[in-house]
Amino acid sequence: MMPIAEALAFFSDQGEGYKVELLKDLEEKGEKAVSLYQQGDFIDLCRGPHIPDTSWLKSFKLLRVAGSYWRGDERNPMLTRIYGTAFSDKKDLKKYLNRIEEAKKRDHRKLGKELALFTIQDEVGPGLILWQPRGAMLRKLIEDYWKDAHYKNGYELLYTPHIARQDLWKTSGHLDFYGENMYSAMEIDEVAYQLKPMNCPFHIGVYNATKHSYREFPVRWCELGTVYRYERTGALHGLMRVRGFTQDDAHIFCRPDQLEEEIFNIIDLNLQVLKTFGFADYDVYLSTRPEKYVGSDEHWDLSTKALQAAMEKKGLAYAIDPGEGVFYGPKIDIKIKDQLGRSWQCSTIQVDFNLPERFGMTYTGQDGAEHQPIMIHRALMGSLERFIGVLIEHYAGAFPLWMAPEQARILNITDAQAEYCSKVYTELRQAGVRVEQDLRNEKLNYKIREAQMMKTPYMLIIGDREMEEGTVTVRKRNGDNLPPMTPQEFADLVSKECEQGTA
RNA sequence: GCCGAUAUAGCUCAGCUUGGUAGAGCGGCUGAUUCGUAAUCAGUAGGUCUCCGGUUCAAGUCCGGAUAUCGGCUCCA
């Protein structure tokens with residue numbers, strides 16, 4: 001330990017400006033003394049202690065270097081940060097490095113290419129996704145499930161355009177508060193239009209198209225809405241961070257007395273959706289008022305409390321993310337971790353007292369007077385792109401049967417069975433199985449290997465035996481075989497397994 | 001956007017240090033083979049070496065710039 005004044009002198013003698021700055025801050029906070037640690041000739045400021053001595057660090061490896069802003073603020077100069085890791089013995093270090101290697105194999109960008117799910121091309125532009133047939137099928141299956149779940153939970157579906165007059169974005173406040181994330185205007189018949197970064201103003205447009213009564217609340221409108229946001233080049237990352245993405249958006253309009261229950265319902269549906277996709281490990285945050293905001297403090301308080309109350313009723317553990325709310329209201333965020341341990345925000349639930357005001361939304365109350373509805377924005381998967389990215393890594397590309405783009409592949413042993421295979425193929429397609437056939441003149445081993453690498457859940461092997469008996473032999477992707485069965489029996493097995501998956 | 005790195009055939013990569021007009025494996029195509037649970041054999045096509053400029057008799061290779069990607073930072077669904 002060293003008194004701060006002494007430490008200040010010590011580090012300024014050495015020309016360590018950043019250390020001096022830290023010390024001055026500590027002094028202001030009322031610290032009297034700081035701890036220093038020494039290793040050979042090297043003496044540094046450190047709160048410590050981390051380990052008894054450096055003999056604990058027998059095995060270490062430097063992993064990467066990266067630039068990093070002084071104190072994490074991009075207005076500050078950039079320092080060079082060196083990442084390293086250390087273990088008490090070599091085996092542990094090796095184990096750790098292997099785990100990183102394994103995680104890299106599950107990287108959605110690598111799997112996306114290998115499994116032919118999606119592609120991003122320079123000619124099209126950075127951060128813009130082209131869905132290949134298999135990825136498009138995966139997405140369709142997710143969308144179908146989503147629409148069904150929303151219908152069952154009292155939502156109605158909307159469709160809205162991709163651009164709107166600039167005036168709309170002025171009214172909504174997006175131009176003022178979100179303008180730096182929006183693409184510049186285009187002119188159509190001398191009127192400025194802009195690409196949408198959010199869907200909310202359109203849903204409000206639908207609301208304002210008709211008169212509303214308190215009796216019809218809550219109104220729940222959902223849309224798979226594709227939005228475009230400017231992201232700085234360095235921020236783009238595969239499917240996780242893109243410039244054009246589709247939100248599984250919804251807006252709920254309700255009375256103040258319904259707010260808490262609606263939020264509770266949303267959380268309930270949210271957790272149900274995450275569970276369907278096999279996510280049990282996520283972090284929940286409550287984000288409070290940011291620096292740039294609209295609306296009264298009273299409204300912020302009220303809605304923050306409603307969010308908190310609903311989470312507590314649901315027994316959901318959460319952390320508070322101070323100042324991370326959107327400009328129009330506080331929010332609940334759920335973040336899911338990817339294979340490399342990076343967490344990605346997916347679900348978000350936001351209360352909004354602002355847009356109803358800006359767009360003059362009203363409903364007729366029991367008292368016959370006009371009132372302003374409360375608006376809730378929410379997305380459960382967040383964006384389909386990001387969610388699918390996380391999903392690919394979560395399952396390492398081996399999707400559960402119900403969302404596998406290709407559920408089964410027919411493999412013939414020789415050309416002699418080709419005709420029978422095509423019959424089975426047609427029969428299974430008619431029965432709703434997502435089946436492909438590989439009738440190439442290749443050895444069975446070769447075809448199995450390919451089907452296996454594409455993580456196809458079932459391989460249907462057909463040789464002379466099966467052809468004579470009118471059956472298929474089913475090989476699972478884990479290598480197990482099921483007893484021979486008829487194509488119809490296989491189709492039943494598939495639909496039963498799918499039902500269990502989404503139940 | 002910032003710091004650092006990378007960019008060669010559809011994919012994965014070698015060639016660059018020491019300038020002399022491009023290589024492999026897989027995949028594609030053609031042919032042979034007709035085979036029972038993770039790669040049959042042979043032949044063949046395929047590249048303005050990301051783009052723009054500079055140095056040089058000569059640039060995939062050296063230099064500068066742009067773009068994109070990767071690892072971080074910042075920001076975010």
Side-chain angles (χ1 to χ4, degrees), chain A residues 63-83 104 107 109-110 113-114 116 119-127 178 180-181 197-199 225-249 287 324 326 331 333-336 340 342-348 350 377-390 411-418 440-454 456 459-466 473-481:
Chain A
L63 298 174
R64 51 182 172 253
V65 295
S68 155
Y69 297 107
W70 170 239
R71 300 193 140 183
D73 189 324
E74 63 176 323
R75 287 165 301 195
N76 287 336
M78 184 159 273
L79 311 177
T80 300
R81 179 181 289 174
I82 300 168
Y83 288 83
K104 278 186 185 160
D107 190 310
R109 292 164 297 186
K110 188 172 151 66
K113 195 179 275 180
E114 287 169 2
T119 174
I120 302 170
Q121 297 176 350
D122 288 0
E123 300 93 303
V124 176
Y178 205 72
E180 57 194 32
N181 294 294
M198 295 191 193
N199 302 301
T226 304
V227 297
Y228 296 88
R229 300 182 184 174
Y230 173 71
E231 294 292 344
R232 304 207 275 184
T233 50
L236 299 172
H237 184 92
L239 289 179
M240 305 295 204
R241 192 74 180 276
V242 295
R243 284 181 171 162
F245 59 97
T246 301
Q247 294 184 304
D248 67 319
D249 212 353
S287 299
E324 291 300 310
V326 209
K331 59 174 182 172
D333 287 329
I334 300 182
K335 296 182 186 180
I336 308 177
L340 295 168
R342 295 177 288 210
S343 66
W344 294 97
Q345 185 180 317
C346 293
S347 314
T348 183
Q350 310 172 351
H377 309 242
R378 46 109 284 197
L380 307 183
M381 300 184 284
S383 90
L384 285 166
E385 286 74 8
R386 176 175 292 181
F387 193 76
I388 291 172
V390 177
L411 311 177
N412 59 338
I413 289 170
T414 69
D415 291 344
Q417 303 92 33
R440 290 175 302 171
N441 176 13
E442 296 287 353
K443 291 178 103 171
L444 181 62
N445 277 344
Y446 180 88
K447 296 189 198 180
I448 287 180
R449 182 181 147 83
E450 274 198 0
Q452 194 77 40
M453 288 194 306
M454 294 307 278
T456 315
M459 287 162 235
L460 306 180
I461 294 163
I462 294 176
D464 285 337
R465 255 194 331 265
E466 288 79 4
T473 293
V474 181
R475 182 193 202 271
K476 293 164 72 166
R477 64 183 155 195
N478 65 8
D480 291 350
N481 268 358

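Note on naming: letters A, B, ... go to the chains in the order of the sequence lines (proteins, then strands), and numbering restarts at 1 for each one. Note that these values count all heavy atoms, side chains included, but never hydrogens, waters or copies made by symmetry. In this text the structure is predicted, and so the values were computed from the model without any measurement.
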Looking at [Y] and [X], is there a salt bridge between them, counting it only when a charged N and a carboxylate O are closer than 4.0 Å?
{"X": "A/D107", "Y": "A/R109", "answer": "yes"}
{"X": "A/D333", "Y": "A/K335", "answer": "no"}
{"X": "A/R449", "Y": "A/E442", "answer": "no"}

Give me the atom names and distance for the closest heavy-atom approach of [X] to [Y].
{"X": "A/R378", "Y": "A/D248", "value": "NH2-O, 3.1 Å"}
{"X": "A/W70", "Y": "A/N76", "value": "O-ND2, 2.8 Å"}
{"X": "A/Q350", "Y": "A/K331", "value": "CG-CB, 3.3 Å"}
{"X": "A/T226", "Y": "A/Y228", "value": "CG2-OH, 3.7 Å"}
{"X": "A/T456", "Y": "A/R477", "value": "O-CB, 3.2 Å"}

For this session: Would you please confirm or rule out a distance under 4.0 Å between OP1 or OP2 of B/U12 and any side-chain N or O of A/K113?
Result: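 It does, given that an N or O in the side chain of A/K113 lies less than 4.0 Å from OP1 or OP2 of B/U12.
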Exercise. Can you find a side chain N or O atom of A/T233 that sits less than 4.0 Å from OP1 or OP2 on B/G1?
Worked result: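 Looking at the OP1 and OP2 atoms of B/G1, one of them is under 4.0 Å from a side-chain N or O of A/T233.
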Specify the separation, in whole Å, of atom [atom1] of [X] and atom [atom2] of [N].
{"X": "A/N76", "N": "B/C2", "atom1": "CG", "atom2": "C1'", "value": "12 Å"}
{"X": "A/R109", "N": "B/A68", "atom1": "CZ", "atom2": "P", "value": "16 Å"}
{"X": "A/E114", "N": "B/U12", "atom1": "CD", "atom2": "P", "value": "9 Å"}
{"X": "A/I120", "N": "B/U67", "atom1": "CD1", "atom2": "P", "value": "18 Å"}
{"X": "A/R440", "N": "B/A32", "atom1": "CZ", "atom2": "C1'", "value": "17 Å"}
{"X": "A/L460", "N": "B/G36", "atom1": "CG", "atom2": "P", "value": "19 Å"}
{"X": "A/K110", "N": "B/C70", "atom1": "NZ", "atom2": "C1'", "value": "14 Å"}

What's the gap between [N] and [M] when it is taken at their [atom1] atoms, as a whole Å value?
{"N": "B/U30", "M": "B/G72", "atom1": "C1'", "answer": "49 Å"}
{"N": "B/C62", "M": "B/C16", "atom1": "C1'", "answer": "10 Å"}
{"N": "B/U44", "M": "B/G25", "atom1": "P", "answer": "12 Å"}
{"N": "B/U40", "M": "B/A9", "atom1": "P", "answer": "27 Å"}
{"N": "B/C70", "M": "B/C11", "atom1": "P", "answer": "15 Å"}
{"N": "B/U61", "M": "B/A7", "atom1": "P", "answer": "11 Å"}
{"N": "B/C2", "M": "B/C63", "atom1": "C1'", "answer": "24 Å"}
{"N": "B/C49", "M": "B/U34", "atom1": "P", "answer": "45 Å"}

Problem set entry | CD on A/Q452 to CG on A/N478, rounded to 0.5 Å |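 Here the interatomic distance stands at 8.5 Å.
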Problem set entry | Separation between CD1 of A/I461 and CG of A/N412, rounded to the nearest 0.5 Å |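 CG of A/N412 is found 11.0 Å from CD1 of A/I461.
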Problem set entry | Stem list, RNA chain B (Watson-Crick or G-U pairing under 3.5 Å, at least 3 consecutive pairs) | B:1-7 with B:67-73, B:10-13 with B:23-26, B:28-32 with B:40-44, B:50-54 with B:62-66
Exercise. Hey, which of these two, A/M78 or A/G238, hits RNA chain B nearer its 5' end, going by closest nucleotide?
Worked result: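 Result: A/M78.
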For this session: Check step by step if side-chain hydrogen bond (donor to acceptor under 3.5 Å, both in side chains) holds for A/R229 and A/Y178.
Result: CA-CA 9 Å; A/R229 300 182 184 174; A/Y178 205 72; 3.2 Å; yes
For this session: State whether a side-chain donor-acceptor pair under 3.5 Å links A/T473 with A/E466.
Result: yes
Exercise. Counting any heavy atom closer than 4.0 Å, what does A/D415 reach on the DNA or RNA strands: base, sugar-phosphate only, or nothing?
Worked result: base
When you compare the protein's N or O atoms with those of nucleotides 74-77 of chain B, which come within less than 3.5 Å of each other, and at what distance?
residue: B/U74; atom: O2'; partner: A/E74; partner atom: OE2; Å: 3.1
residue: B/U74; atom: O2; partner: A/R232; partner atom: NH2; Å: 3.2
residue: B/C75; atom: O2; partner: A/R241; partner atom: NH1; Å: 3.0
residue: B/C75; atom: O2; partner: A/R241; partner atom: NH2; Å: 2.1
residue: B/C75; atom: N3; partner: A/R241; partner atom: NH1; Å: 2.8
residue: B/C76; atom: O2; partner: A/R241; partner atom: NE; Å: 3.4
residue: B/C76; atom: O2; partner: A/R386; partner atom: NH2; Å: 2.9
residue: B/A77; atom: OP2; partner: A/K331; partner atom: NZ; Å: 3.3
residue: B/A77; atom: OP2; partner: A/Q345; partner atom: OE1; Å: 3.4
residue: B/A77; atom: OP2; partner: A/Q345; partner atom: NE2; Å: 3.3
residue: B/A77; atom: O3'; partner: A/Q345; partner atom: O; Å: 2.8
residue: B/A77; atom: O3'; partner: A/Q345; partner atom: NE2; Å: 3.0
residue: B/A77; atom: O3'; partner: A/C346; partner atom: O; Å: 3.2
residue: B/A77; atom: O2'; partner: A/Q345; partner atom: O; Å: 2.9
residue: B/A77; atom: N6; partner: A/E231; partner atom: OE2; Å: 3.1
residue: B/A77; atom: N6; partner: A/V242; partner atom: O; Å: 2.7
residue: B/A77; atom: N1; partner: A/V242; partner atom: N; Å: 3.2
residue: B/A77; atom: N3; partner: A/S383; partner atom: OG; Å: 3.2

Problem set entry | Summary of protein contacts for nucleotides 37-52 of chain B, nucleotide by nucleotide, where a base hit scores B, a sugar-phosphate-only hit scores S (4.0 Å, heavy atoms) | BBBB------------
Exercise. Got more than 12 heavy atoms from elsewhere within 6.0 Å of CD, A/Q121?
Worked result: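 It does: A/Q121 CD has more than 12 such atoms within range.
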